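Remember, predicted model here, so these are calculated numbers, not experimental data.
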Amino acid sequence: MEEVLEKAQSLIAGYDDELARELPEGVEIFDAHVHLGHDIDGMTGVYEDLERINERYGISRCFMFCMDELDRHPAFRAANDRTLAYAERSGGWLIPFVRLDLSEEPIEEANRCLDLGARGIKLHPRAQKFHLNDERLAPVFELAAERKVPILIHGGRGLPPIADHLRRLVDASGAQLIIAHAGIADLAALAACFGGKSGVFFDTSVWSPIDLLSLYHLVSPEQVVYASDYPYGQQPSSLLIALRTARLAGLNDEQLRAMLSGTAGRIADGDPPLELTPPIGSQTFSQPMAFARIHQYLSMATPLLWTRQADTIGVLGLALNACEDRDGHAEERDRIRQLLEAARDLWRVLPDVEDEGEQRTVSRTTFRLVHLADILAVTSGA
């Protein structure tokens, strides 16, 4: 297993060069969504690991908050204290957000942490089991507007439609809002409510390139902020998915710089939002059939890897077969094939791994290979 894992990690590291070619020269990078702590799902975000990643990829600042912590009761108080301590330790590159539980003194905890230096509020309706029509939310949004701090709210999987209730909260309070995970839980409705609305932003922390292509054609480029969702999102794929889809949609270097740092920097510094320009991109998407087939099979592989199941369906084999199509784009298909062969070899050892930590490493590394292959499949030849 060690040899196969080392080969896979080396292949992933090679995409740092690809990333360097994609980045605008001298660009600053601001990650608008990272976690530090220990989640109840077993995931951990480690200060030293994040620091190493940021140094390697030139990320200068992050909005940072805790996870759904093992000691989250009462009120995320202990976890929020760790968040504040991490931020102080960082000397400024970590910008702390206070995480709230609506059932446990949210206003008191928000004020306590904001008084101690927190500069934003994090809400997670799925993890903390509340709906967006919850009457306890209005005072939180009003407080954010009063204290002039942004709210970052989970907008990804596991939610019912949220757009209408969220619009009412923002309209009533005037609070600044960052919708995480490109708002994929309710993207069309969220874009209809907030596309072109100053002070509302969407972050890029998703796994599907198609979701980001959809986001770009629905909202202003100045409403999009780069985010990794570390430790769930990893480099270099997190930056590559944002950059390659943005370029495919037609964002220019100035707009890329705003997405990568400028817009989030203005939020952090309390500056007014940039003037919004019309959305960029197309309502339709076309690509060579082989890449479409590869994307389809890799989408099937993703939930299997998330749940650490073996590839009993044989989806990687189907994706590898699609790499043999003779429709041109041989170089891109060969790069995808290399990633998928490494993923196949690593995935095969997963059933034999007994240690929980090693299982997580193998499955996550396999997913990283598959994710890179999918990014290439969607953004090549289109």
Side-chain angles (χ1 to χ4, degrees), residues 15 18-25 27-33 155-156 178-198 200-229 233 235-264 273-289 291-292 294-296 298-299 329 332 335-336 371-382:
Y15 277 81
E18 172 91 8
L19 176 60
R21 290 191 293 270
E22 293 282 353
L23 286 167
E25 185 176 356
V27 69
E28 181 185 358
I29 302 173
F30 191 130
D31 190 336
H33 185 152
I178 303 170
I179 303 171
H181 313 304
I184 61 172
D186 199 13
L187 177 54
L190 285 167
C193 287
F194 296 119
K197 184 174 179 61
S198 182
V200 178
F201 310 91
F202 294 77
D203 85 32
T204 65
S205 60
V206 297
W207 70 88
S208 172
I210 300 293
D211 284 328
L212 287 184
L213 290 173
S214 183
L215 176 69
Y216 297 137
H217 96 274
L218 291 170
V219 305
S220 167
E222 293 78 22
Q223 289 184 273
V224 182
V225 293
Y226 165 71
S228 71
D229 193 22
Q235 301 297 357
S237 54
S238 174
L239 278 163
L240 279 172
I241 191 174
L243 283 162
R244 287 180 68 100
T245 54
R247 289 195 184 278
L248 184 58
L251 273 68
N252 59 35
D253 272 8
E254 181 181 354
Q255 290 163 333
L256 283 174
R257 290 177 187 276
M259 179 188 77
L260 289 169
S261 63
T263 300
L274 293 169
E275 183 178 350
L276 301 184
T277 59
I280 292 176
S282 173
Q283 295 185 32
T284 60
F285 176 65
S286 63
Q287 62 178 158
M289 190 62 71
F291 291 133
I294 292 167
H295 170 66
Q296 174 190 1
L298 298 187
S299 297
H329 310 288
E332 294 96 328
R335 295 171 66 202
I336 294 171
H371 194 211
L372 279 169
D374 192 42
I375 293 167
L376 295 181
V378 170
T379 57
S380 296

Is the backbone of Phe30 close enough, under 3.5 Å, to the side chain of Ser261 for a donor and an acceptor to pair up by distance? no

Sub-4.5 Å side-chain heavy-atom contact between Gln283 and His217: yes

Which pair of non-hydrogen atoms, one from His295 and one from Ala377, has the smallest distance, and what is that distance? N-CB, 4.4 Å

Tyr226 side chain to Ser238 side chain, donor-acceptor N/O pair below 3.5 angstrom: yes

Give the C-alpha distance, both sets of side-chain angles, the deciding distance and a yes or no for side-chain contact (heavy atoms from CB on, under 4.5 Å) between Glu332 and Leu376. CA-CA 7 Å; Glu332 294 96 328; Leu376 295 181; over 6 Å; no

Suppose we screen for side chain to side chain contact (heavy atoms under 4.5 Å, CB included). Which residues come up paired with Pro279, at least two apart in sequence or across chains? none

Tell me whether His181 contacts the main-chain N or O of Ser205 through its side chain, where contact means a donor paired with an acceptor under 3.5 Å. yes

Any chance you could measure Leu212, atom CG, to Ile241, atom CD1, to the nearest 0.5 Å? 5.0 Å

Please confirm whether the backbone N or O of Glu22 pairs with a side-chain atom of Arg247, one donor and one acceptor, at under 3.5 Å? yes

List the steps and the verdict of side-chain contact (heavy atoms from CB on, under 4.5 Å) for Tyr216 and Leu248. CA-CA 10 Å; Tyr216 297 137; Leu248 184 58; over 6 Å; no

Residue list, side chain to side chain donor-acceptor pair (under 3.5 Å) with His371, at least two apart or on another chain: none

If you compare all heavy atoms of Phe285 against all heavy atoms of Val378, which two are closest, and at what distance to 0.1 Å? CZ-O, 3.2 Å

Taking Gln223 for the side chain and Lys197 for the main chain, is one N or O donor matched with an acceptor at less than 3.5 Å? yes

Does a salt bridge link Glu18 with Arg21, judged by any charged N lying under 4.0 Å from a carboxylate O? yes

Please check if the side chain of Ser237 supplies one atom and the backbone of Leu372 the other of a donor-acceptor pair under 3.5 Å. no

Does Asp253 reach the main-chain N or O of Pro24 with its side chain, forming a donor-acceptor pair under 3.5 Å? no

The reported gap from CZ in Phe202 to OG in Ser220 (rounded to nearest 0.5 angstrom) is 10.5 Å

When you compare the side chain of Ile336 with that of Phe291, does any pair of heavy atoms fall below 4.5 Å? yes

